[in-house]
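Single-structure report; data block below.
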Amino acid sequence: MKYQIPNIVDFDKFVFRIGELSRMTGVSSRQLRYWEQRDYISAITRDDQNKARVYDFYTFLQVSIIKKLLDEGYRLPAAVEKMSSIEKELSLSRKFFHAAFNGVEVVDGQVFLNLGYFDKAKTQILYGQYENGQASYEVRPANDD
DNA sequence: TTTCTAACA
DNA sequence: TGTTAGTA
């Protein structure tokens, strides 16, 4: 009764040119080129030197984070450094949730996230629920079909 | 139309 | 960083 999130979203296929990335993030194309020159960000490897830059989804995230930090008052070098640590935290979070998430189950009309076994003996399962912006948890026996 | 580099403001 | 020039 559980399912996996369909792996139909391939983020590697989300690619943007400089004008698009600029409009998406509010960072000027001039800034994007400058940041690349300073090695703060990088575009997908270009064959020719004079061809249009192509940015991937992860660069979009990086630029978005840097932009937010700049708006908060960080100066560019500091913003880049902090973005780097935020990026690592995000990566860890993604890996954690990917490993923890075991599908969705509906009980009595309520939707629960199966977050895997709660104990090493595998007799209990941790369920998470999201409601009104709040996360809550329940531990229930594993064989509660 | 968009992007590129280079250069000046 | 913004802008502009002259291209591809």
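All chains are named by letter (A, B, ...) in the order of the sequence lines, taking the proteins before the strands, and each is independently numbered beginning at 1.
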* A:I41 versus A:L32, closest heavy-atom pair with distance -> CD1-O, 3.7 Å
* Can you check side-chain contact (heavy atoms from CB on, under 4.5 Å) on A:Q31 and A:W35, steps first, answer last? -> CA-CA 6 Å; A:Q31 283 176 297; A:W35 295 2; 4.1 Å; yes
* Asked: Could you go step by step and tell me if A:E138 and A:Q129 meet the side-chain hydrogen bond (donor to acceptor under 3.5 Å, both in side chains) rule?
  -> CA-CA 8 Å; A:E138 287 181 24; A:Q129 193 174 26; over 6 Å; no
* Asked: Is the phosphate of B:dT3, meaning OP1 or OP2, less than 4.0 Å from a side-chain N or O of A:R53?
  -> no
* Rounded to the nearest Å, what distance is computed from the CD atom of residue A:Q37 to the P atom of nucleotide B:dA7? -> 12 Å
* Apply side-chain contact (heavy atoms from CB on, under 4.5 Å) to A:F14 and A:F60, showing your working. => CA-CA 9 Å; A:F14 281 78; A:F60 159 68; over 6 Å; no
* Structure fact -> Of A:R30 and A:E20, the one whose nearest nucleotide on DNA chain B sits closer to the 5' end is A:E20
* Asked: Which two nucleotides bound the region of DNA chain C that has atoms under 4.0 Å from heavy atoms of chain A, read 5' to 3'?
  -> C:dT1 to C:dT3
* To do: Would you mind classifying the nucleic acid contact of A:R17 as base, sugar-phosphate or nothing, using non-hydrogen atoms under 4.0 angstrom?
  => sugar-phosphate
* Can you check the A:Q31 CD to B:dC4 C1' distance for me, whole Å? -> 18 Å
* Asked: Do A:M24 and A:L90 belong together in a cluster built from hydrophobic side chains that touch within less than 4.5 Å?
  -> yes
* Touch class at under 4.0 angstrom, heavy-atom based, for A:S28 against every strand present -> sugar-phosphate
* Scan every strand shown for a Watson-Crick or G-U wobble partner of B:dT2, both distances under 3.5 Å, and answer none if you come up empty. => C:dA8
* To do: Look at the side-chain heavy atoms of Ile, Leu, Val, Met, Phe, Trp and Tyr, link any pair under 4.5 Å apart, and say whether A:Y137 and A:F112 land in one connected group.
  => no
* To do: Could you state the atom-to-atom distance from CG of A:L32 to P of B:dT5 in whole Å?
  => 13 Å
